[in-house]
Every structure is written in structure tokens, then in C-alpha cells.
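Data first, discussion second: the structure below is written as C-alpha cells.
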Amino acid sequence: MNDDSLAIRVQNVTQRFRVIHERPDTVRELFAKFTRRRVSYHDFEAVSGVSFEVPKGEIVGLIGRNGSGKSTLLKIIAGVYRPTSGSVEVRGTLAPLIELGAGMHHELTGRENILLNGLLMGYSKDVMRERQEKIIEFADIGDFIDAPVKQYSSGMYMRLAFSVATEVDPDILVVDEILSVGDFTFQEKCLDRLRRFRASGKTIILVSHSLSQIEEQCDRVILLEKGKLTVDGKPAEAIHAYLGENLVEEPVLVEAPSPRA
Amino acid sequence: MTELFRDTIRYRELIWALAVKELTVRYKRSILGFLWALLNPILFMLVLTVVFSKIMIGAQPHYAIFLLSMLVPWTFFSQSLGYAAESIVGNADLIKKVRVAKLVFPVAAVVSNLINLMLSFIPLILIVLVMRHPFYWTWLYLPVPILALAILTLGATFFFATANVYYRDVAHILQIVLQVWFYLTPIIYSLDFFPPKYRIFFKLNPVIYVLNGFRLGVYYGLLPTLESVIASFVCAFAALYFGFWIFRKHQDEFVFYV
């Protein structure tokens, strides 16, 4: 692939977690080591050997069952996790919309959080001041903008987070499932914005369990199964494979909403 | 080390915002609000002053100033470490969801306490005025020990912030350590109480060199000796170097433990 047109390159990425059973977070763990009592754990590969490239201006969907490694992969791309092995290259600015309330402090007001959120993403105070009004306007949550965000409904959270992440005008937007929280009109507003994002040559990575949304929005879909990339192709193709996989094991889960925390 | 310097400059706006957030969030919804940040140490100083001026009467004229000149910077040191131990764990939400240079959190903890330190000079100045203690020109020298103290504190902050990620006991142990440390440091008493042969023992305490400049400048109107200034900066930079080294080595793992 031509280097100039590349937005993200993921090369052979593996993420291993150490899952400690009933983790002693304390000095007890140290004592356990001294007394040679084993701290029991197992290693878990959330993502194993995943490689793909995303050219600029593409909307890529990530699908897979719960625990297939979608969110972990997103966090690696967003730079929250440093992968155990492999490498990730991201060209341009990236705004993560990974979980509700990411980068917000619940005691601060919406307005204060806009600034904090922007600074966390690496934008300057001046830039955020400049965009503040537009962000508030798009989020459209009325007087709540001056209330601490802990009083927000999950919809309001999402409106504000989406508004900040898209209004700062990143080159790459990473969205994890959170669109499902907004109501119908706001979802439309978001999708419309995503479309315009793509039209201006930006890159979007979208995780969703709403297969219709994925099929409609994405140019390309990647299917993850147990941390491995199994399909990377046209939306219809990946969705077909995903449904096929699920039909065999758990047909009920196909369109069920994800019980994400 | 250059990384620390570069990132601090680069993220200065974020660090400032986090430091202010630290102060506002802590005192939101309390009636006195931000005043608590000042009242707490002031009340503690008051108690100590009242108790010890009676006991130490005659030993040190203007005991309150003698005490406060060192208690103010010590309070900064101990409060910073208290904040710092929680600075990574307490910001787990941010660390787990946003890519952010981890060092901004300990640095912000120290900066927010530096703001407190500056403000707590106000009661000290008032007491100096009320007691008609002379205002020595050596007050002008105070930025030097403040700098050394900030560097030393930052180093310790990095160390304890890291340690607390792995063992949450650290925050609790730290409180006890700080109490003992407080009494082992000549803050409420003077080193002169001890025969010279015991003073060598105090020289092992790195905080002493840094705090000494405050008392000399405010209470005695003297400047520290060159050796003592050098010692204070050697201790400060050694702490910073060691603390940041540990922090840097582990920072990519924090996200898995918080």
C-alpha cells in the first residue's frame, strides 16, 4: 500500500493479559512469594497475531462476539495499551470514543470536562476554548452543560463525548459501541456526522453489535474470533461469516445487545 | 530526565488543568471549599505551636516562627506524597481509557500542592508581622530551597505513585512512615538540643538539607553554607532521578494494574 494513503498499520499484534485468580493486590502477594505459595494465574491472549492496514478515508467495522478482542484491539490502536508484541502505527491525530465517560471526571461540569477531555487528547486550551460553543451546541444537552457529569444520563454522557471527539476534528476516529446509547434523532445526527467525516477523507474504526449499522456504514469489516482475525473483507462477507459462526453455537446471541459495562 | 522535562513543558496545560481539578474536586460541595486546603495545615500548626511553645518556652524565642518556617515546607512534602500515592490509582479511569503521558498525574499532584505551599506562606507572613519578628532580607533566598524541595518531592512522588500501583498498602504505610519521619526531622525541635556526636545521625536524612534553608532564611536571617546548598540539590536530583527511573520503567504496565 502506498505509504501516503495509509492511516493505520497494525502488524502482528498480540496482547497477553495475566489473569490472577482472586488477585491479592497487596503485600500478601509478596509474602506469598516468600513462602513459595504460588499466586495462581493464567495468561490470556485477548488479541493474537492480528495484522491489517487501513487506508485514509475508510470506515472499517470490527465485529465479533463478546470477548473476541474488539475493545482490546481498539485500545491498542488508541495507544491505551502497549501491545505485548507486534507494532501499531497511527498517522495523524486520533480521537478515541472508547467507553462512556472516557477522559471525563464525574465531579467536574460538562463545560470543565470539555476542556479536560480536549487537553487529554493533546489539544491546546486555546483550541478547546474556540470550539467549546460548537461542542455544546452539537451535544445539545441544555443547562446540564454546567452540572457535574455524574448527574448525566448515559445518553447525555455520550452526546457530550461524541461531540468533543468529533468537533476537535481528528484524522482518525475510533468508536466503540457507544452510539447505541443515544436516542434515534441523536444517532441520526451522529451517523450523519460520521458520513461527512468520511467524505472529508478521515478514517473511522467502528465497533458495533448492530450489524445493520455496520453493513450500512462500513467500507470494510474485520471479524475477530477469540482474538484472531478470521475475515477481513466486504461487510456482507464478514457479517455472513459472523452469523454462520454464531448460528452453529448460539443463535440467540446474534442480534442481542451487548451487556457492556 | 530530558524526557521528563520535555513532557512537562509539552503537557503544561494539561498538568495545570489536572492540578486545579485536584484542588477544586477535593473541596467541591464543602462550605469552606478551597479554604480547607489551607485551614487543615494551619489548624495543625496551631495545635503544635500551642503545645510546643509551652513546653519549649525559653528554648526558642518566637517559637511559632521557628516551627512554622519548617512546618510549612514539611506539610507540602508530606501532603504531596499523600496525593501522589493516589495519583495513578486515583486516575485509573483516565489511564484505562485515554492515551495520556502518565507522568502528568504525579507532576499535577505536586503542582497542586505547590499552589497550597505558596498560599500557606500567607499565614506565616501574618505571624511574622504579629510577633514583630524581623523580616530578614534572606526571605529573598527562599525560591532556592523551594526549588530543591519541589524537585525532591517530585522524585519521591514518582516512586510512591509507582509503588502504590502494585501494592495498595503503600499509601497506608506511607502515612506511618511520614509520621515517624516528621519526628526524626528537626522540625519541632532544634538540632542544637543534641550533642554533636548524635547529629551525624540526622545528616542521613535527605529532607533536612532542603528544609534547613527555610528555617535559616525565615527565622535566623542567615543563608545556608554552600556545602549545605549543594547537598540539598544533590539529594533532590538523586531522588528525582531514582524516582523517575522507577516510574518510567513501569509506566506502560500501570494500565493493567489500576
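All figures in this text were calculated on a predicted structure; none of them were measured in a lab. Computation of the quantities below employed the complete heavy-atom set of this structure, encompassing side-chain atoms and omitting hydrogens, waters and symmetry-equivalent molecules. Below, chains carry the letters A, B, ... as their sequence lines are ordered, and counting in each starts from 1.
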Inset, instruction - Would you please name every residue forming a salt bridge (Lys or Arg N to Asp or Glu O under 4.0 Å) with A:Asp171, sequence neighbours left out? - result: none
Inset, instruction - Output all residues satisfying salt bridge (Lys or Arg N to Asp or Glu O under 4.0 Å) with B:Glu3, sequence neighbours left out; order by chain, then residue number. - result: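 So B:Glu3 forms a salt bridge (Lys or Arg N to Asp or Glu O under 4.0 Å) with B:Arg248.
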Inset, instruction - Let me know if A:Lys125 has heavy atoms under 4.5 Å from chain B in its side chain, its backbone, both or neither. - result: both
Inset, instruction - State, yes or no, whether a side-chain contact exists between B:Leu14 and A:Leu116 at a heavy-atom distance under 4.5 Å. - result: yes
Inset, instruction - If the plane angle is over 60° it's perpendicular, under 30° parallel, otherwise tilted; pick one for B:Trp245 and B:Phe242. - result: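 Plane angle between 30° and 60°, so tilted.
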In a table with atom names and distances, give each donor-acceptor pair under 3.5 Å that connects a side chain of residues 142-158 of chain B to protein atoms at least two apart or in another chain.
from     : atom 1 : to       : atom 2 : distance (Å)
B:Thr153 : OG1    : B:Leu149 : O      : 2.6
B:Thr157 : OG1    : B:Thr153 : O      : 2.7

Inset, instruction - Could you list which of residues 99-113 of chain B have a heavy atom closer than 4.5 Å to any heavy atom of chain A, in residue-number order? - result: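 Near chain A, by residue number: B:Arg99, B:Val100.
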Inset, instruction - Would you check if the distance from the ring center of B:Trp181 to the ring center of B:Phe77 is below 6.0 Å? - result: yes
